[in-house]
Asks: 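This is the structure, below, for whatever I ask next.
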Amino acid sequence: MNSIHLAIGSTVSRPGDLDGNLAQITTFARQAADDGVNVLLTPEMSASGYGGFPEVLATAEIAGQGRIYAALADIARETGVVLCAGFVEARGELRHLAHYVVYPDGHFVVQRKHRVTAAEAPLDPIKPLLPVAGDDLGQPESLEFIIFEICGVRCAISICADAGIRDLNAYLAAQGVEVLFGPTGAGGRREDRVTTAELRSEEGREHYLQIFETLFSPGRGVLDCLAYGRALAAVNMCGYDGQRHYHAGHGMIISPMGEVVGFFHGQPNLDRQRPMYAHGVVDVADRLWAPDAAGRYLAAAPPAG
């Protein structure tokens, strides 16, 4: 296939609230099925709730054997939509921040996060992080990205801070990745949000605009799509988690030609935050140049000129 129909759903996930979190994913999946979507992406830790809270750690499951997987497999089978959702994977003594890709026939793949942040401690990265000057998180000693196919399209998942892995674009290009999924869950502070009441003052409205402008543009991801001949679907969590994080919620679907075919802006107004959804079709063959003989779109950096 040259095209794939993508959907993004921003959940208002609560730490440990599997019933509420999975219900939102189910609602999105049924909407996606009505829209003829092939695959639905939800945020980092969308099913478990975001962060290293005890309530989140308590949801950890062995991949393919827990309640989260069972729920995702049921709704994928019902809707015919491939589901991508975040959870905590139990692997021996380790607890990984991970993302499911569950197909309608029940088979699945799991991508684990490389660069786990302080807000996600004590969750474990895939590999040890090596200290690097100028990089607060460090860099993984090696990469473990799972390449998978949906509708014959080569896909990969880069979870939130993994976008900061050095030479990631070259790595993905060498693997012939046509669609990159970017689930994020980074929160925010109360002082970076407003309420409807605060918008009644000029000061409040100016504060809203200042925040809003940081949540509206797809940013440099557009340039990566153009340079590396791939599509991007990215989505962040929305809403206050009841404990610490004030997620803004935003999402985008970008074609290999840098066109934004699905989008919703982040919502800084705490009184207006809610689950959000968008979808769009991308033509993965519509790019600036054709792949090389090995099926790679760019082995390193884009050619000059």
Asks: Starting from Ile62, walk the hydrophobic network (Ile, Leu, Val, Met, Phe, Trp, Tyr; side-chain heavy atoms closer than 4.5 Å) and list everyone else you reach, by chain and number.
Replies: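 Under the 4.5 Å side-chain rule, Ile62 groups with nothing.
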
Asks: What verdict does the salt bridge (charged side-chain N to carboxylate O under 4.0 Å, His left out) test give for Asp135 and Arg115, after you've listed the backbone C-alpha separation in whole Å, the side-chain angles of each residue and the deciding distance to 0.1 Å?
Replies: CA-CA 11 Å; Asp135 187 332; Arg115 288 165 37 101; 3.0 Å; yes

Asks: Check the pair Arg205 / Glu202 against side-chain contact (heavy atoms from CB on, under 4.5 Å), numbers first and verdict last.
Replies: CA-CA 5 Å; Arg205 291 190 293 272; Glu202 182 176 355; 3.9 Å; yes

Asks: Verify whether one side chain among Thr27 and Gln24 offers a donor that lies under 3.5 Å from an acceptor in the other.
Replies: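 On atom types as modelled, these side chains do not qualify, holding no pair under 3.5 Å.
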
Asks: With Phe216, which residues qualify under side chain to side chain contact (heavy atoms under 4.5 Å, CB included), at least two apart?
Replies: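 In terms of side chain to side chain contact (heavy atoms under 4.5 Å, CB included), with neighbours along the sequence ignored, Phe216 is linked to Phe212, Phe263, His265.
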
Asks: Cluster question for you: counting only ILVMFWY and a side-chain heavy-atom cut-off of under 4.5 Å, with indirect links fine, are Val177 and Ile254 together?
Replies: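 They do share one cluster, since a chain of ILVMFWY contacts under 4.5 Å joins Val177 to Ile254.
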
Asks: In Å, rounded to the nearest 0.5 Å, how long is the span from CE of Met237 to CE of Met45?
Replies: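 CE of Met45 is found 8.0 Å from CE of Met237.
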
Asks: Using distance only, find each side-chain donor-acceptor pair of residues 180-188 under 3.5 Å and give its atom names and separation, not counting sequence neighbours.
Replies:
from, atom 1, to, atom 2, distance (Å)
Thr184, OG1, Val235, O, 3.3
Thr184, OG1, Asn236, OD1, 3.1

Asks: Show me the donor-acceptor pairs within less than 3.5 Å that the side chains of residues 273-282 make with the rest of the protein, sequence neighbours left out.
Replies:
from, atom 1, to, atom 2, distance (Å)
Gln273, NE2, His247, O, 2.9
Gln273, NE2, Gln267, O, 2.8
Arg274, NH1, Arg272, O, 2.7
Tyr277, OH, Asp35, OD2, 2.7
His279, ND1, His5, NE2, 2.9

Asks: Can we say Lys113 and Asp124 salt-bridge, meaning some charged N sits less than 4.0 Å from an Asp/Glu carboxylate O?
Replies: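 Salt bridge absent between Lys113 and Asp124.
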
Asks: Supply the members, apart from Leu130, of the Ile/Leu/Val/Met/Phe/Trp/Tyr cluster built from side-chain contacts under 4.5 Å; use none for a lone residue.
Replies: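 In the cluster with Leu130 there is nothing else; it is isolated.
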
Asks: What residues form a side chain to side chain contact (heavy atoms under 4.5 Å, CB included) with Ala23, not counting sequence neighbours?
Replies: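 Expected list: none.
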
Asks: Around atom CG of Asp167, are there more than 12 heavy atoms of other residues, nucleotides or ligands at under 6.0 Å?
Replies: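 For Asp167, atom CG is not crowded (no more than 12 foreign heavy atoms under 6.0 Å).
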
Asks: Using a strict threshold of under 4.0 Å (side-chain N to carboxylate O), is an ion pair present between Glu198 and Arg190?
Replies: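 Result for this pair is yes, salt bridge flagged.
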
Asks: Name each donor-acceptor pair under 3.5 Å that joins a side chain in residues 140-147 to protein atoms two or more places apart or in another chain, with its distance.
Replies:
from, atom 1, to, atom 2, distance (Å)
Ser142, OG, Lys127, NZ, 2.8
Glu144, OE2, Lys127, NZ, 3.2

Asks: Decide whether Ile157 and Leu40 are clustered together by the hydrophobic rule: side chain heavy atoms of Ile, Leu, Val, Met, Phe, Trp, Tyr closer than 4.5 Å, transitively.
Replies: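 No, separate clusters.
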
Asks: Going by side chain to side chain contact (heavy atoms under 4.5 Å, CB included), name the residues that satisfy it together with Glu78, two or more places apart in sequence or in a different chain.
Replies: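 Listed in chain order: Arg30, Ile75.
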
Asks: Sorted by first residue and then second, give each side chain to side chain donor-acceptor pair (under 3.5 Å) pair with at least one member in residues 92-112; sequence neighbours left out.
Replies: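 Checked against side chain to side chain donor-acceptor pair (under 3.5 Å) - neighbours excluded - the pairs reaching residues 92-112 are Glu61-Tyr100, Glu89-Arg112, Arg91-His96, Asp105-His107.
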
Asks: Can Ile4 be reached from Val101 by stepping across I, L, V, M, F, W or Y side chains whose heavy atoms are under 4.5 Å apart?
Replies: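 As far as the 4.5 Å side-chain criterion goes, Ile4 and Val101 are connected within one cluster.
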
Asks: Can you list the residues that meet the side chain to side chain contact (heavy atoms under 4.5 Å, CB included) rule with Tyr240, with sequence neighbours excluded?
Replies: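 Listed in chain order: Tyr246.
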
Asks: Name all residues meeting the side chain to side chain donor-acceptor pair (under 3.5 Å) criterion together with His207; count only those two or more places apart in sequence or in a different chain, and write none if there are none.
Replies: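 So His207 forms no side chain to side chain donor-acceptor pair (under 3.5 Å) with any residue.
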
Asks: What verdict does the side-chain contact (heavy atoms from CB on, under 4.5 Å) test give for Ile211 and Leu215, after you've listed the backbone C-alpha separation in whole Å, the side-chain angles of each residue and the deciding distance to 0.1 Å?
Replies: CA-CA 7 Å; Ile211 303 166; Leu215 301 172; 4.0 Å; yes

Asks: Is the shortest side-chain heavy-atom distance between Gln175 and Leu172 below 4.5 Å?
Replies: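 No, side chains not in contact.
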
Asks: A side-chain contact here means heavy atoms from C-beta on lying under 4.5 Å apart; do Asp241 and Phe53 qualify?
Replies: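 Yes - at least one pair of side-chain heavy atoms lies under 4.5 Å apart.
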
Asks: For Glu191, is the CD atom crowded, meaning more than 12 foreign heavy atoms sit under 6.0 Å from it?
Replies: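 It does: Glu191 CD has more than 12 such atoms within range.
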
Asks: For residues Val88 and Leu123, determine if any side-chain heavy atom of one lies less than 4.5 Å from a side-chain heavy atom of the other.
Replies: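 In contact.
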
Asks: Side-chain contact, heavy-atom cut-off 4.5 Å: Ser10 with Phe264?
Replies: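 Ser10 vs Phe264: side chains touch.
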
Asks: Side chains of Thr196 and Asn269: do they bring a donor and an acceptor to under 3.5 Å?
Replies: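 Judged by distance alone, the side chains do pair up.
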
Asks: Would you say the side chain of Val102 lies within less than 4.5 Å of the side chain of Val82, judging by non-hydrogen atoms?
Replies: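 Not in contact.
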
Asks: Is any side-chain heavy atom of Thr11 less than 4.5 Å from a side-chain heavy atom of Ile25?
Replies: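 The answer is yes, as the side chains (C-beta and beyond) meet within the 4.5 Å cut-off.
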
Asks: Taking a hydrophobic cluster as the set of Ile, Leu, Val, Met, Phe, Trp and Tyr residues connected by side-chain heavy atoms closer than 4.5 Å, whether directly or through intermediates, do Phe28 and Tyr69 fall within one such cluster?
Replies: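 Yes, because Phe28 and Tyr69 connect within a single hydrophobic cluster, where side-chain heavy atoms sit under 4.5 Å apart.
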
Asks: Would you say Val179 and Arg154 make side-chain contact, with heavy atoms under 4.5 Å?
Replies: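 In short, these two side chains do not touch, never coming nearer than 4.5 Å.
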
Asks: Spell out, yes or no, whether Met252 and Val222 are grouped together once hydrophobic residues are joined by side-chain heavy atoms under 4.5 Å, including indirect joins.
Replies: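 They do share one cluster, since a chain of ILVMFWY contacts under 4.5 Å joins Met252 to Val222.
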
Asks: Which residues satisfy the side chain to side chain donor-acceptor pair (under 3.5 Å) test with Ser46, sequence neighbours excluded?
Replies: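 Partners of Ser46 by the side chain to side chain donor-acceptor pair (under 3.5 Å) criterion, ordered by chain and then number, come out as Thr42.
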
Asks: Does the side chain of Leu6 reach to within under 4.5 Å of the side chain of Asn38, using non-hydrogen atoms?
Replies: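 No, every pair of side-chain atoms sits at 4.5 Å or beyond.
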
